[in-house]
Amino acid sequence: MSRLFAVIALAACGSSSARPDAFGGADASAPADSGTLPTTDAAIDSPGVDCFYEWSTRGTCGAPVIDAAYLTTDCEATTGVFVVGHGFESANQFMTGNGWLPYGPKATSEPLNDNIWNVLTPTLMCITTSANPAIWSGFTLQLQNPDGQLSNSVTVQNLLSARPALVSTGSDDAFDPDACLDTGMTHDQALAMFAMGASTSMLGRLAITAHTRSCNSATGCLAWGAPATIATNVPAGLAITGNGSAVDFTLGSADCGSLGHADETLAYNYCDMADQGYAVHVAAHCLQLSATVRSPIAPDGSYSQTDTVGLVRY
């Protein structure tokens, strides 16, 4: 979801600013063919971001595991094929000519046989497709991680009319892009956060942190540098707007737009702050902020990537 969540609109279904090309895979055995949908807040045992970004140096990362795959309308407001599981790895390279689409696990069978994803995290991948279940559901899907390990195989389901669950790790690590991978806060859930008669509500205060890595468009990215604190105690809250018809998310002094009006699992509010813009995923019991900024690519292919994050539970 790639910023660690960057703020660049992708040509397909998603944005580097809305979801990261996130982190770490779990070392687990691949189950048999399964079409069972995952449960949110799955408390996945995972080595965090390490196996997502640094699988090439760890040598202890397990094979990818697919829990479910389906065609849905929730691929960041477009139709697409969702793949939910754990142990997915980033190739640490990006399709720089097409909105910085991230290279990750390769789907090994037709019709989905590519390794470019517009949403890529350790537990979730999504690639834009047409809303045609005759093409994009009913086929067998298997993945191969960049380290060469193969996943189990599952049958892609047609869930165009459903709002499927995602898998949140429940981590307190703001650099874990799956830490708050819960469905977006609905309008009614937002209203329940207000005291009687109040027009504003505080969800929590964010610490905003960033880290940077050096990359090359041809050879990929090095490890992340040490994180640095950008801001502390940034108020995140809600405000009644539209003569009482809407609830907006607020970050500091910025109004980031209304919550709960779109039936999307991957819902984001975009906050224009003085320093930069942020994508914020607001769920019922947590919110996660992210932004990715990449420098211009030099003639030798080099550039830097800075991911900025924040996480609050309430």
K.L.:
Taking the side chain as every heavy atom from C-beta outward, state whether L203 and V312 have any atom pair closer than 4.5 Å.
P.N.:
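No. Closest side-chain heavy atoms not under 4.5 Å.
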
K.L.:
Got a sec, which residues hit side chain to side chain contact (heavy atoms under 4.5 Å, CB included) with S214, two or more places apart in sequence or on another chain?
P.N.:
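In terms of side chain to side chain contact (heavy atoms under 4.5 Å, CB included), with neighbours along the sequence ignored, S214 is linked to L222.
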
K.L.:
For A218, give me all partners under side chain to side chain contact (heavy atoms under 4.5 Å, CB included), at least two apart in sequence or on another chain.
P.N.:
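Listed in chain order: N216.
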
K.L.:
Tell me, which pairs form a disulfide (SG to SG under 2.5 Å) where one or both residues lie in residues 210-249, sequence neighbours left out?
P.N.:
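Residue pairs with at least one partner in residues 210-249: C215-C221.
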
K.L.:
Under 3.5 Å, side chain of S137 to main-chain N/O of L71, donor-acceptor pair present?
P.N.:
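No, because the side chain of S137 does not come within donor-acceptor range (under 3.5 Å) of the backbone of L71.
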
K.L.:
Identify the two heavy atoms, one from A239 and one from T250, that lie closest to each other, and give their separation to 0.1 Å.
P.N.:
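Distance-wise, the nearest heavy atoms are CB-CG2, 4.1 Å.
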
K.L.:
In terms of heavy-atom contacts, does CG of D272 have more than 12 from other residues, nucleotides or ligands at under 6.0 Å?
P.N.:
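It does not: D272 CG has 12 such atoms or fewer within range.
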
K.L.:
Compare all side-chain heavy atoms of F88 with those of T121 and state whether any distance is below 4.5 angstrom.
P.N.:
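No - every pair of side-chain heavy atoms lies 4.5 Å or more apart.
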
K.L.:
Just how far is it from atom CD1 of I66 to atom OG of S151, taken to the nearest 0.5 Å?
P.N.:
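With rounding to 0.5 Å, CD1 (I66) is 3.5 Å from OG (S151).
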
K.L.:
Is a side-chain donor or acceptor of N158 paired with a backbone partner of Y70 at a separation under 3.5 angstrom?
P.N.:
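Checking the backbone N and O of Y70 against the side chain of N158, no donor-acceptor pair under 3.5 Å is found.
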
K.L.:
Is there a donor-acceptor contact under 3.5 Å linking the side chains of D275 and Y278?
P.N.:
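Checked: D275/Y278 side chains pair up, N/O donor to acceptor below 3.5 Å.
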
K.L.:
Relative to the ring of F94, is the ring of W100 parallel (under 30°), tilted (30 to 60°) or perpendicular (over 60°)?
P.N.:
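Aromatic pair W100/F94 classed perpendicular.
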
K.L.:
For the CD atom of Q276 and the OG1 atom of T306, what is their distance to the nearest 0.5 Å?
P.N.:
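Result: 8.5 Å between the selected atoms.
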
K.L.:
What distance do D147 atom CG and C51 atom SG have between them, rounded to the nearest 0.5 Å?
P.N.:
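It is 8.5 Å, given to the nearest 0.5 Å.
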
K.L.:
State, with a plain yes or no, whether a side-chain heavy atom of D50 is found less than 4.5 Å away from one of W55.
P.N.:
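No, their side chains stay 4.5 Å or more apart.
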
K.L.:
Walk me through it: do R313 and D172 pass the test side-chain contact (heavy atoms from CB on, under 4.5 Å)?
P.N.:
CA-CA 9 Å; R313 299 192 180 279; D172 290 325; 3.2 Å; yes

K.L.:
Mind listing the closest non-hydrogen atom pair of L120 and G104 along with its distance?
P.N.:
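Minimum heavy-atom separation between L120 and G104: CD2-CA, 3.8 Å.
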
K.L.:
Regarding D248 and T241, do their side chains bring together a donor and an acceptor under 3.5 Å, going by distance alone?
P.N.:
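Present: a donor and an acceptor within the cut-off.
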
K.L.:
What verdict does the side-chain hydrogen bond (donor to acceptor under 3.5 Å, both in side chains) test give for W136 and S130, after you've listed the backbone C-alpha separation in whole Å, the side-chain angles of each residue and the deciding distance to 0.1 Å?
P.N.:
CA-CA 8 Å; W136 297 111; S130 66; 3.2 Å; yes

K.L.:
Are M202 and V280 joined in one hydrophobic group, where the rule is that I, L, V, M, F, W and Y side chains link up if heavy atoms are under 4.5 Å apart?
P.N.:
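Not linked; separate clusters.
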
K.L.:
Between G225 and H211, which heavy-atom pair has the shortest distance, and what is it?
P.N.:
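Scanning both residues completely, I find the closest heavy atoms to be O-CB, 3.5 Å.
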
K.L.:
Do you know the tightest heavy-atom contact between A254 and M273?
P.N.:
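Nearest heavy atoms, A254 then M273: CB-SD, 3.8 Å.
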
K.L.:
Can you list the steps and then say if V81 with L112 is a side-chain contact (heavy atoms from CB on, under 4.5 Å)?
P.N.:
CA-CA 9 Å; V81 173; L112 188 63; 4.0 Å; yes

K.L.:
Strictly below 4.0 Å, N to O, side chains only: are R213 and D307 in salt-bridge contact?
P.N.:
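No, R213 and D307 are not salt-bridged.
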
K.L.:
From I127 CD1 over to F82 CZ, what is the distance, rounded to the nearest 0.5 angstrom?
P.N.:
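One finds 12.5 Å between CD1 of I127 and CZ of F82.
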
K.L.:
Under a 4.5 Å cut-off applied to non-hydrogen side-chain atoms, are P235 and R205 in contact?
P.N.:
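A side-chain contact under 4.5 Å exists here.
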
K.L.:
Going by the rule ring-ring contact (aromatic ring centres under 6.0 Å, His included), which residues pair with Y103 if we only count those two or more places apart in sequence or in a different chain?
P.N.:
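Y103: no ring-ring contact (aromatic ring centres under 6.0 Å, His included) contacts found.
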
K.L.:
Stepwise, does the side-chain contact (heavy atoms from CB on, under 4.5 Å) test hold for L160 with T72?
P.N.:
CA-CA 4 Å; L160 285 170; T72 175; 5.6 Å; no

K.L.:
So, the side chain of N145 versus the backbone of E89: is there a donor-acceptor pair under 3.5 Å, distance only?
P.N.:
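Confirmed, N145 side chain pairs with E89 backbone.
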
K.L.:
For the atom pair CG (L124) and CG (D67), what is the distance rounded to the nearest 0.5 Å?
P.N.:
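Going from the CG atom of L124 to the CG atom of D67 covers 11.5 Å.
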
K.L.:
Is there a side-chain contact between L150 and L143 (heavy atoms, below 4.5 Å)?
P.N.:
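Result no, sub-4.5 Å side-chain heavy-atom pair not found.
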
K.L.:
Answer yes or no: is there a donor N or O on one side and an acceptor on the other, between the side chain of Q288 and the main chain of A174, under 3.5 Å?
P.N.:
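It does hold such a pair.
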
K.L.:
On a heavy-atom basis, which atom in L311 and which in C180 lie closest, and how many Å separate them?
P.N.:
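Where L311 meets C180 most closely, the heavy atoms are CD1-CB, 4.0 Å.
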
K.L.:
Between the side chain of K106 and the main-chain N/O of P146, is any donor-acceptor distance below 3.5 Å?
P.N.:
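No, the answer is negative, given that no donor and acceptor are paired below the 3.5 Å cut-off.
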
K.L.:
Evaluate the side-chain hydrogen bond (donor to acceptor under 3.5 Å, both in side chains) criterion for residues D178 and T169: first the C-alpha distance (whole Å), next the side-chain angles of each, then the deciding distance (0.1 Å), finally the verdict.
P.N.:
CA-CA 6 Å; D178 298 323; T169 61; over 6 Å; no

K.L.:
Under a 3.5 Å distance rule, please check whether S199 uses its side chain to pair with a backbone N or O of I240 as donor and acceptor.
P.N.:
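No; zero donor-acceptor contacts below 3.5 Å.
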
K.L.:
In the structure I gave you, are the side-chain heavy atoms of D182 and L166 within less than 4.5 Å of one another anywhere?
P.N.:
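Not in contact.
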
K.L.:
Side-chain contact, heavy-atom cut-off 4.5 Å: T308 with I208?
P.N.:
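Heavy-atom side-chain distance check passes, below 4.5 Å.
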
K.L.:
Decide side-chain contact (heavy atoms from CB on, under 4.5 Å) for T128 and N118; before the verdict, give the C-alpha distance in whole Å, the side-chain angles of both, and the deciding distance to 0.1 Å.
P.N.:
CA-CA 7 Å; T128 296; N118 35 9; 2.9 Å; yes

K.L.:
Could you tell me whether the side chain of S168 and the main chain of A179 form a donor-acceptor pair under 3.5 Å?
P.N.:
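It does hold such a pair.
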
K.L.:
T79 side chain to T129 main-chain N or O, any donor-acceptor pair under 3.5 Å?
P.N.:
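Present.
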
K.L.:
Please enumerate all residues that pass side-chain hydrogen bond (donor to acceptor under 3.5 Å, both in side chains) together with N115, with sequence neighbours excluded.
P.N.:
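N115: no side-chain hydrogen bond (donor to acceptor under 3.5 Å, both in side chains) contacts found.
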
K.L.:
Could you list the residues that satisfy side-chain hydrogen bond (donor to acceptor under 3.5 Å, both in side chains) with S171, not counting sequence neighbours?
P.N.:
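Expected list: none.
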
K.L.:
Just verifying a value: how many Å separate Q157 CD and L159 CG, rounded to the nearest 0.5 Å?
P.N.:
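Spacing of CD (Q157) from CG (L159) equals 5.0 Å.
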
K.L.:
Could you report the tightest heavy-atom contact between M185 and L238, atom names first, then the distance?
P.N.:
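Minimum heavy-atom contact is SD-CD1, 4.3 Å.
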
K.L.:
Judged by atom type as modelled, is there a donor-acceptor pair below 3.5 Å linking the side chain of Y268 to the main-chain atoms of H281?
P.N.:
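Looks like no, no N/O pair under 3.5 Å.
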
K.L.:
Is there a side-chain contact between V65 and N152, using heavy atoms and a 4.5 Å cut-off?
P.N.:
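Yes, close enough: below the 4.5 Å cut-off.
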
K.L.:
Just by modelled atom types, is the T108 backbone N or O under 3.5 Å from a matching donor or acceptor in the N113 side chain?
P.N.:
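Flag not set: sc N113 to bb T108 has no pair under 3.5 Å.
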
